[in-house]
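Within every chain, numbering begins at 1; the chains are lettered A, B, ... in the order of the sequence lines, protein sequences first and strands thereafter.
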Amino acid sequence: MKKLILSTAALALTAGLATAESHATTVRLGTEGAYPPFNFIDDNGEIAGFERELGDELCVRAEVTCEWVTNDWDSIIPNLVSGNYDVIIAGMSITDERDEVIDFTQNYTPPSNSAYVALSEDVDLENGIIAAQTATIQAAHVAEGSATLIEFATPDETIAAMKNGEADAVFADKDYLKPFVEETGEFYFVGEDVPLGGGVGMGLRESDTELKEKFNAAITSMKEDGTLNTMITKWFGDDAQTY
Amino acid sequence: MFAYCADPQSLEGLAWLSCYLTTGKHLLFYQSFAFIVALLLVTAPLALGVGFMGALATRSQFAPLRWIGTVYTSIVRGVPDIAFFLFMPLAIDQGLEWMRHKMRCPDWDEPIRQGSDFVVCASAKLPLSSSPQWVHEYYGVVLGMSAFAFVFGAFAAYVLAGAMNAVPRAQMETAEAYGMTRRQATWRILVPQMWVYALPGLSNLWMILIKATPLLFILGIEDVVYWARELGGRKTSAFDFPHPDWRLWYFLALLVFYLALTKVSEIGFSRLARRMSRGQATAAGVKEARA
């Protein structure tokens with residue numbers, strides 16, 4: 001009898017440990033959910049897009065259980081730092097300013113171009129009004145130049161502002177703008193493409209070095225076996241830059 | 001939802017629309033309407049309870065309690081709702097985390113406030129970062145509801161205190177003449193009679209509360225406004241049902257929803273007022289008795 005109790009207790013204890021272990025490795029992935037094709041809420045109300053597919057694969061390779069959450073773009077870094085989730089995977093370009101606050105993994109898309117989109121091809125990009133999403137590298141770039149910057153909380157609103165005539169042009173990632181130009185026929189790419197940022201990476205708290213190394217290794221393995229390139233071409237088209 | 005929806009590209013007209021309006025995302029949108037109604041049904045009694053205690057506090061014979069009641073109602077009434085709405089959830093959240101931090105991690109040597117960051121140890125987090133997603137969502141909703149109850153409780157306290165003063169003094173004097181204590185007179189005479197005086201003010205508050213529910217959106221809760229904006233935005237072919245900017249139609253739907261909700265409550269309140277006036281020494285009560 002005594003033996004039975006002891007072994008049950010031991011079993012309960014190890015079971016407890018096992019659940020504690022699996023809880024500890026639940027990684028919460030934070031994304032914006034409003035930036036197709038990087039990440040968006042699909043018609044079933046689920047988070048979808050390039051980063052959803054990539055993130056799920058990376059979690060399998062890094063052997064962690066992942067859970068997806070959405071968060072507004074303008075508070076996405078503060079909420080990572082305060083621990084609401086563990087990783088930002090939201091089309092966030094690696095920049096020095098952000099690197100001072102959080103840490104980045106290596107990039108999982110190559111440094112890419114940003115572009116201007118407008119209703120006609122003869123807008124004044126030098127002195128006009130340019131719409132960009134708040135706290136993006138594109139907004140920072142416009143602010144440095146002579147054009148007037150108006151900022152919006154979501155990328156969707158920047159397009160709407162340009163369509164309404166509130167802004168002369170939108171400045172954003174070319175990968176985000178491409179479907180709008182190709183599918184609507186109302187919008188045009190204007191001016192030169194601008195290379196900005198050091199590619200898109202996952203953002204982590206500076207103290208989370210172990211998790212960062214796990215994801216770095218997973219990204220490397222996806223770069224080596226070509227699965228990352230396949231995924232990039234699938235979501236961003238055949239002319240997208242690959243590794 | 002329907003079998004013919006499997007290939008959205010091939011659909012047109014009504015078939016397309018029927019599939020579009022029954023996507024999983026739209027079902028979430030419809031659910032959020034029910035969520036708003038449920039939230040109102042929970043928050044309103046909560047705010048009324050807070051208000052009732054506030055009103056009793058402002059009438060209390062015990063001075064410190066009276067001061068608390070007065071300070072509470074005058075501060076909340078004097079500050080914009082939206083400021084309180086941003087402040088309260090943050091203050092409650094950080095306050096609770098601070099207390100848990102002090103209890104669970106006494107030997108933590110780093111400061112809690114590091115610049116603009118609020119850093120507590122992992123086991124003091126609320127909710128714990130290992131808890132499932134729905135806990136995080138409900139926690140946000142509960143914080144939002146407490147902010148509503150706190151703000152609207154102050155207004156309700158003011159309305160109820162006014163209603164208590166409106167009950168004819170003669171009623172209380174009679175109660176005293178029958179030998180009731182102050183407490184007995186309050187509960188048996190004052191409280192049952194005050195509701196008819198409080199009703200117009202309370203119905204007004206209820207309307208304002210209905211109209212204030214979109215404030216949840218600024219707390220990051222996925223309410224009707226969130227889904228309307230999300231669904232209405234221009235959709236490219238990354239989605240199954242591409243469409244141009246339809247936000248106008250979605251916000252119009254919200255407008256209709258809120259109008260319907262306030263209209264229904266107006267009807268409900270006028271019935272309630274008629275019922276409560278019965279047998280009361282008010283103009284409406286006398287009219288009711290004559291009819």
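- The environment of CG in A/Asp96 is sparse: at most 12 heavy-atom neighbours from other residues, nucleotides or ligands sit within 6.0 Å.
- Heavy atoms closer than 4.5 Å to chain A are found nowhere in B/Glu137, neither backbone nor side chain.
- Residue A/Glu182 does not touch chain B at all, counting heavy-atom pairs closer than 4.5 Å.
- The pair A/Asp239-A/Lys178 counts as a salt bridge, with a side-chain nitrogen and a carboxylate oxygen less than 4.0 angstrom apart.
- Heavy-atom proximity under 4.5 angstrom to chain A picks out B/Arg234, B/Thr236, B/Ser237, B/Ala238, B/Phe239, B/Asp240, B/Phe241, B/Asp245, B/Arg247 from residues 234-252 of chain B.
- Heavy atoms closer than 4.5 Å to chain B are found nowhere in A/Ser75, neither backbone nor side chain.
- Nearest heavy atoms, B/Leu216 versus B/Phe85: N-CE2, 4.2 Å.
- Ring to ring, A/Tyr188 and A/Tyr116 are not that close: their centroids are 6.0 angstrom or more apart.
- Contact record, A/Arg52 with A/Ile47: NH1-O, 3.1 Å, taken as the closest heavy-atom pair.
- The contact between A/Phe40 and chain B is made entirely by side chain atoms (from C-beta outward), counting heavy-atom distances below 4.5 Å.
- Under a 3.5 Å cut-off, the side chain of A/Asp72 and the backbone N or O of A/Asp74 do not form any donor-acceptor pair.
- Your options are A/Asn71, A/Ile159, A/Asp156, A/Asp86, and the one with the most heavy-atom pairs under 4.5 Å with chain B is A/Asp156.
- When heavy atoms are compared at a cutoff of 4.5 Å, B/Tyr139 does not approach chain A at all.
- Residue contact with chain B, scored on non-hydrogen atoms closer than 4.5 Å, involves the backbone and the side chain of A/Ile41 alike.
- The parts of A/Pro179 that come within reach of chain B are both its backbone and its side chain, each placing non-hydrogen atoms under 4.5 angstrom from that chain.
- In this structure, A/Tyr85 contributes its side chain and A/Ile76 its backbone to a donor-acceptor pair below 3.5 Å.
- With 3.5 Å as the limit, one finds a donor-acceptor pair spanning the side chains of A/Thr31 and A/Asn39.
- Of all the heavy atoms in B/Tyr4 and B/Cys19, the pair that sits closest is CE1-SG, 3.5 Å.
- Donor-acceptor pairing under 3.5 Å is lacking for the side chains of A/Trp235 and A/Asp175.
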